Protein chains: 2
Amino acid sequence: MALGDAILACLTERPMTGYELAKTFDSSIGFFWKADHQQIYRELSKLRDRGYIQGREVVQTGKPNKLVYTLTNEGRTALRHWAARPSTPASNKDDLLVRFHALDSVDLEPVRADLMARLEHHRDRSERYERILKKRFPDGTASEAADIGNLLLLKLGSRHEQMVAEWCEEAIDALSGLTGHGTTVVPLEDGKREKG
Amino acid sequence: MALGDAILACLTERPMTGYELAKTFDSSIGFFWKADHQQIYRELSKLRDRGYIQGREVVQTGKPNKLVYTLTNEGRTALRHWAARPSTPASNKDDLLVRFHALDSVDLEPVRADLMARLEHHRDRSERYERILKKRFPDGTASEAADIGNLLLLKLGSRHEQMVAEWCEEAIDALSGLTGHGTTVVPLEDGKREKG
DNA sequence: CGACTTTTGTCCGTTACGGTAAATAACGGG
DNA sequence: CCCGTTATTTACCGTAACGGACAAAAGTCG
């Protein structure tokens, strides 16, 4: 259970509903952990079954009632125990990079298109990180533990995106150099026989 | 299927056995894609069933016979088709980073220990990348597609490890600043009740 | 009335991960 | 001679994760 722990970690900040968590996993913590709403609700059920979180129903008018989840002491303890175990380095697993490993066996256009999309994506993220950094830590320092954690996270994110964005530019350059001019025509010798 | 495609990508270089692939996934391509031998053998069966690869048994004396897998034309085509589809940006999913999101709710010692281990790990990798780079591309350039792909891969890997290693140092610094001196003692109020 | 949003779920199928184990056979150390 | 390691492939099993489709309930907006 790792997604579960990520959820627990989120709930240390404040009690949240599944819906809110799903939103959170789409932004802040979502920058380094993706999870859709089904996953989150499923995981919430499990966490509740284990007594790590507690749901409090909030009656709403105009909207369905919502379930605000709060960490229990057991949950806090579980999180601490989990956090005390050595972490696994986590592999990257990037489709795009696999393509580069077989660059001479794939068509270059899509790779290039992908790179352009990535470049934009990483630039975008980089800017978002920078914006948040400037807003939350104008002087680039923090003193409380929670803040320090987030500052470091933001710095890492920012640098990562920056670095990858630069790499994308370089890669695009290198690929264009491969063909000299805009469009490549890779001879599809066995392309005729299409695919079984 | 993504692991399958990673395997196909590996096999574009040369025919390999499952055992060799497992080794490969423990080094070169393994730098950005982890897979153990069970996964690989399972995936190889699937790929064979689909006709993407072809196994040739090599009788050995002294060792069990081995199955050398070769890409079929169908496999090549499948790889190319897969590579032509836009890639998914791939989320990082790092345990350690989750901890930083809840830094005030976890014990710092293990986090610090983790960081030290990571620092070593990333430095190690960084050096490995650099060594390979110097060896394979002494002048930092490449002309053939396959080489360019690997050059770019190595550059990305190297920079990534470098960057993360530096971040680890910074994080260790920041954490030590948190407590002023070597060892922190976080009061474990509910640690007594152990865990249900 | 119908479409859309908010909120909370369920069901189902696939992919992936990873531990344990086993068969087979040589080679090398104590 | 037993044991551990290397090389090689494979099976079984459980859990984690992913993600599409669907539903239900209550408001709002057009």
Side-chain angles (χ1 to χ4, degrees), chain A residues 1-8 15-26 29-30 32-50 52-69 82 85 87-95 98, chain B residues 1-8 15-26 30 32-50 53-69 82 85 87-95 98:
Chain A
M1 187 189 42
L3 172 57
D5 294 291
I7 290 176
L8 292 181
M16 279 192 263
T17 68
Y19 197 80
E20 280 177 289
L21 278 165
K23 296 247 161 199
T24 304
F25 271 82
D26 206 39
I29 204 178
F32 49 88
W33 201 294
K34 290 263 161 263
D36 49 33
H37 81 280
Q38 301 101 312
Q39 271 175 280
I40 289 172
Y41 282 116
R42 241 174 313 183
E43 207 61 37
L44 282 172
S45 308
K46 284 187 206 166
L47 291 173
R48 193 176 38 193
D49 289 348
R50 290 177 200 186
Y52 291 167
I53 58 176
Q54 200 184 353
R56 195 171 47 84
E57 186 162 21
V58 173
V59 180
Q60 300 188 124
T61 49
K63 292 172 193 175
N65 297 342
K66 60 181 175 182
L67 270 164
V68 180
Y69 288 102
W82 170 77
R85 285 172 29 214
S87 68
T88 52
S91 65
N92 288 327
K93 298 218 170 168
D94 193 327
D95 282 17
V98 172
Chain B
M1 188 189 43
L3 171 59
D5 294 292
I7 290 177
L8 293 182
M16 279 192 265
T17 68
Y19 196 82
E20 280 177 289
L21 277 165
K23 297 248 161 198
T24 304
F25 271 81
D26 206 40
F32 50 88
W33 199 294
K34 288 265 160 260
D36 48 33
H37 77 280
Q38 300 99 315
Q39 271 175 279
I40 288 172
Y41 282 116
R42 244 175 312 187
E43 207 62 36
L44 282 172
S45 308
K46 284 188 207 165
L47 291 173
R48 193 179 37 195
D49 290 350
R50 289 176 203 186
I53 58 176
Q54 200 185 353
R56 194 171 45 85
E57 188 162 21
V58 173
V59 180
Q60 300 189 123
T61 49
K63 295 171 191 176
N65 298 342
K66 60 183 178 181
L67 271 165
V68 181
Y69 289 103
W82 169 77
R85 285 171 31 213
S87 69
T88 52
S91 66
N92 288 328
K93 300 223 169 165
D94 192 328
D95 282 17
V98 172

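Small disclaimer: the values here were computed from a predicted structure and weren't measured. Letters go in sequence order (proteins before strands), and every chain restarts at 1.
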Chemist: Taking atom P of D:dC13 as reference, at what distance in whole Å does atom CD of B:Q39 sit?
Modeler: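 Atom-to-atom, B:Q39 to D:dC13, this comes out as 19 Å.
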Chemist: Can you tell me how far CH2 of A:W82 sits from CG of A:D5, rounded to the nearest 0.5 angstrom?
Modeler: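 Separation between the atoms: 5.0 Å.
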Chemist: Which heavy atom of B:I40 sits nearest to which heavy atom of B:A35, and what is that distance?
Modeler: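 Taking B:I40 first and B:A35 second, the nearest heavy atoms are CD1-O, 4.0 Å.
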Chemist: At under 4.0 Å, does any side-chain N or O of A:Y19 touch on OP1 or OP2 of C:dT6?
Modeler: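 Yes, such a contact exists.
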Chemist: What is the distance from CG of A:D36 to C1' of C:dG9, rounded to the nearest Å?
Modeler: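 Atom CG in A:D36 sits about 13 Å away from atom C1' in C:dG9.
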Chemist: Do the side-chain N or O atoms of B:T17 get closer than 4.0 angstrom to the phosphate oxygens (OP1, OP2) of D:dT9?
Modeler: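 So the side-chain polar atoms of B:T17 do come within 4.0 Å of the phosphate oxygens OP1 or OP2 of D:dT9, strictly under.
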Chemist: Can you tell me how far apart CE (B:M16) and CG (B:L44) are? Round to the nearest 0.5 Å.
Modeler: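 Interatomic distance, B:M16 CE to B:L44 CG, rounded to 0.5 Å: 10.0 Å.
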Chemist: Among C:dT10, C:dT8, D:dA17, which nucleotide has an atom closest to any side-chain atom of A:L67?
Modeler: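 My answer, after comparing the listed nucleotides, is C:dT8.
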Chemist: Report the C-alpha distance between A:L67 and A:T17 in whole Å, list the side-chain angles of each, state the deciding distance to 0.1 Å, and finish with yes or no for side-chain contact (heavy atoms from CB on, under 4.5 Å).
Modeler: CA-CA 5 Å; A:L67 270 164; A:T17 68; 5.8 Å; no
Chemist: Any side-chain N or O of A:K23 under 4.0 Å from OP1/OP2 of C:dT7?
Modeler: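 Looking at the OP1 and OP2 atoms of C:dT7, neither is under 4.0 Å from any side-chain N or O of A:K23.
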Chemist: Can you measure A:K46 atom NZ to C:dT8 atom C1' for me and round it to whole angstrom units?
Modeler: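 Rounded to the whole Å, the gap is 17 Å.
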Chemist: Quick check: closest heavy atoms across A:Y19 and A:Y41, and the distance to 0.1 Å?
Modeler: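 The answer is N-OH, 3.3 Å.
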Chemist: Could you say whether A:L44 or B:A35 is positioned toward the 5' end of DNA chain C, judged by the nucleotide with the nearest heavy atom to each?
Modeler: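 It is A:L44 whose nearest nucleotide is closer to the 5' end.
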Chemist: Considering only side-chain heavy atoms of A:E43, which listed nucleotide, D:dA17, C:dG18, D:dT10, is closest?
Modeler: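 Minimum distance to the A:E43 side chain belongs to D:dA17.
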Chemist: Indicate for each nucleotide in nucleotides 22-27 of chain C, in 5' to 3' sequence, whether protein heavy atoms under 4.0 Å reach the base (B), only the sugar-phosphate (S), or nothing (-).
Modeler: --BSS-
Chemist: Atom CG of B:D49 to atom P of C:dT14: distance rounded to whole Å?
Modeler: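 After rounding, the gap between these two atoms is 15 Å.
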Chemist: Can you see which heavy atom on B:Y69 is nearest to which on B:R48, and at what distance?
Modeler: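 Of all heavy-atom pairs spanning B:Y69 and B:R48, the closest is OH-NH1, 3.2 Å.
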Chemist: Measuring from the side chain of B:K66 (C-beta onward, heavy atoms only), which nucleotide among C:dG9, D:dA17, D:dT9 has the closest atom?
Modeler: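 Ranking C:dG9, D:dA17, D:dT9 by closest atom to the B:K66 side chain puts D:dT9 first.
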Chemist: Please pick, from D:dA17, D:dG19, C:dA16, the nucleotide with the shortest atom-to-atom distance to any side-chain atom of B:A2.
Modeler: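 Of D:dA17, D:dG19, C:dA16, C:dA16 is nearest to the side chain of B:A2.
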Chemist: Given atom CZ of A:R48 and atom C1' of C:dG9, what is their separation to the nearest angstrom?
Modeler: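 About 10 Å, once rounded to whole Å.
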Chemist: Rounded to whole angstrom units, what separation is found between the CD1 atom of B:I40 and the C1' atom of C:dG19?
Modeler: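 Going from CD1 in B:I40 over to C1' in C:dG19 covers 16 Å.
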Chemist: Between A:Y52 and A:I7, is any pair of side-chain heavy atoms under 4.5 Å apart?
Modeler: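 When only atoms from C-beta onward are counted, A:I7 and A:Y52 do not touch, as no gap falls below 4.5 Å.
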Chemist: Examine the base of C:dT20 for any acceptor or donor lying under 3.5 Å from a partner atom in the side chain of B:Q38, and report the outcome as yes or no.
Modeler: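 Check passes, donor-acceptor contact within cut-off.
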Chemist: For the pair made of CD in A:E20 and P in C:dG9, what is the distance, rounded to whole Å?
Modeler: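 Taking CD of A:E20 and P of C:dG9, I get 14 Å after rounding.
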